[in-house]
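Please read these numbers as outputs of a predicted model, since none were measured by experiment.
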Amino acid sequence: MEYMEKINQIAELSIIIPTYNETANIIPIVEAINNALPQACWQIIFVDDDSPDGTAETIGRLAKRDSRIRLIHRIGRKGLSSAVIEGMMASTTEYVALMDADLQHDETLLPTMLDTLRSNNSDLIIASRYMETASTGELPIYRRSLSVAAIRLTELFLKTQLSDPMSGFFMIRKSLLERVVRQLYGRGFKLLLDIFSACSAKGISVRYLELPYTMRSRKFGDSKLDIGIGFDLLFLICYRYFLGVIPVHFFAFSLVGLLGVGVNMALLWFFLKVTTLEYTFAYVAALYITMTNNFLLNNQFTFRTQRLLGRRLIKGLFGFFAACSVGAIVSVGVSSLLFEKFNLPWWLAGLSGMLVSAFWNFASSSTFVWNSPDKKG
């Protein structure tokens, strides 16, 4: 009876835990939080991006027995920041915390975080791995080096003063989040940095406190971090620098295109100098190999949260061919018009045609190939 009375009380803290293939960690993380917060009224909101390992089913079984456990099962949507924002905005509590499901975060800090927010002296409490007495634990040296490099990058471009702006473990007043949620970039892995940069852009002063903790090692499952995380950080910096006016993924798309020019020239040289192909066949072969390479790179990095797999990858490739073929026609038309009708220098007309083609290819690819609804991206 006492247990039922406790779990039916109105929660004051929501703990948002995004998941993907974390089924082995669900019960341990719930038990750890329950032990860490015996006196508080809390709820856990798991946000699962349709894990194929049965994570959502495991959470669902727990939720049937404990009303403090909630599940948001996302279908056709992926991305850590967007999942966390969705979970946070689904909460109705005064305070909201973010934790990973992999047990690397120290849940025993939760009571201190909550008490500090209750005291009304802070809006945001951050668990830091880089303060005195804190530690990254057994984090591999290359991961630690990348993390430190990212911190230095944010200090340079976004003027952050945090010891650990890359932290994925923090607690925030819901009222602060509601003030800036519409200004968030909302993509990638680093929501804390996104919140701080959005507050800075709106001129909102954030009262924050950092607490040291030692990061644990993951026991079950695999890390979701890869090289794309670096791209996500660069996209966020670009988004803040260009005030969201130009889609930041356009820059990545354009960089892939510039790389493609070099690949195309190298292939054309190879086919003409090393093989016996005639020029027309060599040009077409180089062109379509380059377009395939550009498609795969864009799928892996530029549109990583809408990444195509299986049959959709093949279908997307042909859609990309079509988009770029139309882009080439548009480029020729614009360039010829500017050169012949408006007497622009040949180089300026050519560059203008290429720029228009790049925008066309990006817009058509993001709309029809990767089906990206995110106007920021």
Discussion item. Contact between Val274 and Trp269 at the side-chain level, heavy atoms closer than 4.5 Å - yes or no?
Written reply: yes
Worksheet item: Mind checking whether Val284 and Phe318 sit in one hydrophobic cluster, side chains of I, L, V, M, F, W, Y counted as touching below 4.5 Å?
Response: yes
Discussion item. Looking at Arg173 and Asp123, is there a salt bridge between them, counting it only when a charged N and a carboxylate O are closer than 4.0 Å?
Written reply: yes
Discussion item. Using modelled atom types and a 3.5 Å cut-off, is there a donor and acceptor pairing between side-chain atoms of Thr58 and backbone atoms of Gly54?
Written reply: yes
Worksheet item: Could you give the distance from CG (Leu344) to CG (Leu338), rounded to the nearest 0.5 Å?
Response: 5.5 Å
Worksheet item: So how far is it from Met171 CE to Leu124 CG, rounded to the nearest 0.5 Å?
Response: 10.5 Å
Worksheet entry | Qualifying residue for side-chain hydrogen bond (donor to acceptor under 3.5 Å, both in side chains) with Asp49, from His73, Arg74, Lys78 | Arg74
Fill in: Residue pair Phe303 / Ser366, side-chain heavy-atom distance below 4.5 Å
yes
Practice prompt. Classify the angle between the aromatic ring planes of His105 and Phe169 as parallel (below 30°), tilted (30 to 60°) or perpendicular (above 60°).
Written response: parallel
Worksheet item: Closest heavy-atom contact between Asn299 and Leu308?
Response: OD1-N, 2.8 Å
Discussion item. Does atom CZ (Arg179) have a neighbourhood of more than 12 heavy atoms from anything else shown, all under 6.0 Å?
Written reply: no
Item to complete: Determine whether Leu313 and Phe295 make a side-chain contact, defined as any pair of heavy atoms from C-beta on separated by less than 4.5 Å.
Response: yes
Worksheet entry | Spacing of Leu211 atom CG and Met131 atom CE [to the nearest 0.5 Å] | 7.0 Å
Worksheet entry | Residues Thr93, Glu12; criterion side-chain hydrogen bond (donor to acceptor under 3.5 Å, both in side chains); working and verdict | CA-CA 5 Å; Thr93 55; Glu12 64 173 335; over 6 Å; no
Practice prompt. Considering non-hydrogen atoms only, spot the tightest contact between Arg118 and Ala40 and give its length.
Written response: NH2-CB, 4.2 Å
Discussion item. Please identify which of these residues, Ile289, Leu296, Leu297, meets the side-chain contact (heavy atoms from CB on, under 4.5 Å) condition with Asn293.
Written reply: Leu297
Worksheet item: In terms of ring plane angle, is the pair Phe362 and Phe250 parallel, tilted or perpendicular, where the classes change at 30° and 60°?
Response: perpendicular
Item to complete: Could you check Val96 against Ser91 for side chain to side chain contact (heavy atoms under 4.5 Å, CB included), going step by step and ending with a plain yes or no?
Response: CA-CA 8 Å; Val96 185; Ser91 71; 3.6 Å; yes
Worksheet item: So, do Arg70 and Phe46 sit near enough that their side-chain heavy atoms are less than 4.5 Å apart?
Response: no
Fill in: Intermediate values then yes/no, side chain to side chain contact (heavy atoms under 4.5 Å, CB included), Ile15 and Leu110
CA-CA 10 Å; Ile15 303 164; Leu110 290 171; 4.1 Å; yes
Item to complete: Indicate whether any N or O donor in one side chain lies under 3.5 Å from an N or O acceptor in the other, for Ser122 and Thr116.
Response: no
Item to complete: Report yes or no: do Val356 and Ile329 belong to one cluster of Ile/Leu/Val/Met/Phe/Trp/Tyr joined by side chain heavy-atom distances under 4.5 Å?
Response: no
Worksheet item: Side chains of Leu192 and Leu162: closer than 4.5 Å at any heavy-atom pair?
Response: yes
Worksheet item: Measuring from Ile125:CD1 to Ser167:OG, what's the distance to the nearest 0.5 Å?
Response: 12.0 Å
Item to complete: May I ask you to check whether Asn34 and Glu31 show a side-chain donor-acceptor distance below 3.5 Å?
Response: no
Worksheet item: Would you say the side chains of Asp48 and Ser51 form a donor-acceptor pair under 3.5 Å?
Response: yes
Discussion item. Tell me if the NZ atom of Lys315 is crowded by more than 12 foreign heavy atoms within 6.0 Å.
Written reply: no
Worksheet item: Under 4.5 Å between any side-chain heavy atoms of Met99 and Ile16, yes or no?
Response: no
Worksheet item: Looking only at heavy atoms, which two atoms of Phe170 and Ile126 are closest? And how far apart?
Response: CB-CA, 4.1 Å
Worksheet item: Taking all atoms of both residues into account, what is the closest heavy-atom pair of Glu107 and Ala32, and its distance?
Response: CG-O, 3.5 Å
Which side-chain N or O atoms in residues 258-265 pair as donor and acceptor under 3.5 Å with protein atoms at least two apart or in another chain?
from: Asn264; atom 1: ND2; to: Ala286; atom 2: O; distance (Å): 3.4
from: Asn264; atom 1: ND2; to: Thr290; atom 2: OG1; distance (Å): 3.4

Worksheet item: Going from OH on Tyr95 to OG on Ser175, what distance comes out if it is rounded to the nearest 0.5 angstrom?
Response: 9.0 Å
Worksheet item: Going hydrophobic residue to hydrophobic residue with side-chain gaps under 4.5 angstrom, can you get from Phe342 over to Val330?
Response: yes
Fill in: Closest non-hydrogen atom pair between Val180 and Ala198, with its separation
CB-CB, 4.2 Å
Fill in: Heavy-atom side-chain proximity of Ser365 to Trp360 below 4.5 angstrom
no
Worksheet item: Without hydrogens or angle criteria, can the side chains of Arg307 and Asn298 be said to hold a donor-acceptor pair below 3.5 Å?
Response: no
Fill in: Phe253/Trp370 aromatic ring centres below 6.0 Å
no
Discussion item. Tell me which one of Asp164, Thr214, Thr136 satisfies side-chain hydrogen bond (donor to acceptor under 3.5 Å, both in side chains) with Arg129.
Written reply: Asp164
Worksheet item: Between Glu57 and Arg61, does at least one N-O distance fall below 4.0 Å, as a salt bridge requires?
Response: no
Worksheet item: Do you see a donor-acceptor pair shorter than 3.5 Å between the side chains of Thr55 and Thr19?
Response: no
Worksheet item: Is Arg216 salt-bridged to Asp106, cutoff N-O under 4.0 Å?
Response: yes
Worksheet item: Got a donor-acceptor contact below 3.5 angstrom from the Ser82 side chain to the Gly79 backbone?
Response: yes
Worksheet item: Which value, rounded to the nearest 0.5 Å, describes the distance between Ile195 atom CD1 and Ile204 atom CD1?
Response: 11.0 Å
Item to complete: Group every Ile, Leu, Val, Met, Phe, Trp and Tyr by side-chain heavy-atom contacts under 4.5 Å, then state whether Leu309 and Ile314 land in the same group.
Response: no
Practice prompt. Before giving the answer on side chain to side chain contact (heavy atoms under 4.5 Å, CB included), spell out for Ile17 and Ile45 the whole-Å C-alpha distance, their side-chain angles and the decisive distance to 0.1 Å.
Written response: CA-CA 6 Å; Ile17 303 181; Ile45 301 178; over 6 Å; no
Fill in: Met88 vs Leu191 side-chain heavy atoms within contact, under 4.5 Å
yes
Worksheet item: Is the count of non-hydrogen atoms from other residues, nucleotides or ligands lying under 6.0 Å from Phe321 atom CZ greater than 12?
Response: yes
Discussion item. Using modelled atom types and a 3.5 Å cut-off, is there a donor and acceptor pairing between side-chain atoms of Arg207 and backbone atoms of Asn120?
Written reply: yes
Worksheet item: Between Ile172 and Leu117, does a side chain to side chain contact (heavy atoms under 4.5 Å, CB included) hold up when you go through it step by step?
Response: CA-CA 8 Å; Ile172 186 173; Leu117 287 182; 5.9 Å; no
Response to the item:
Residue set satisfying ring-ring contact (aromatic ring centres under 6.0 Å, His included) with Tyr208, at least two apart, ordered chain then number -> Phe196
Practice prompt. Might you point out which heavy atoms bring Met89 and Leu177 nearest each other, and give the distance in Å?
Written response: SD-CD2, 3.9 Å
Worksheet item: Does one hydrophobic cluster hold both Leu255 and Phe320, with members joined at side-chain heavy-atom distances below 4.5 Å?
Response: no
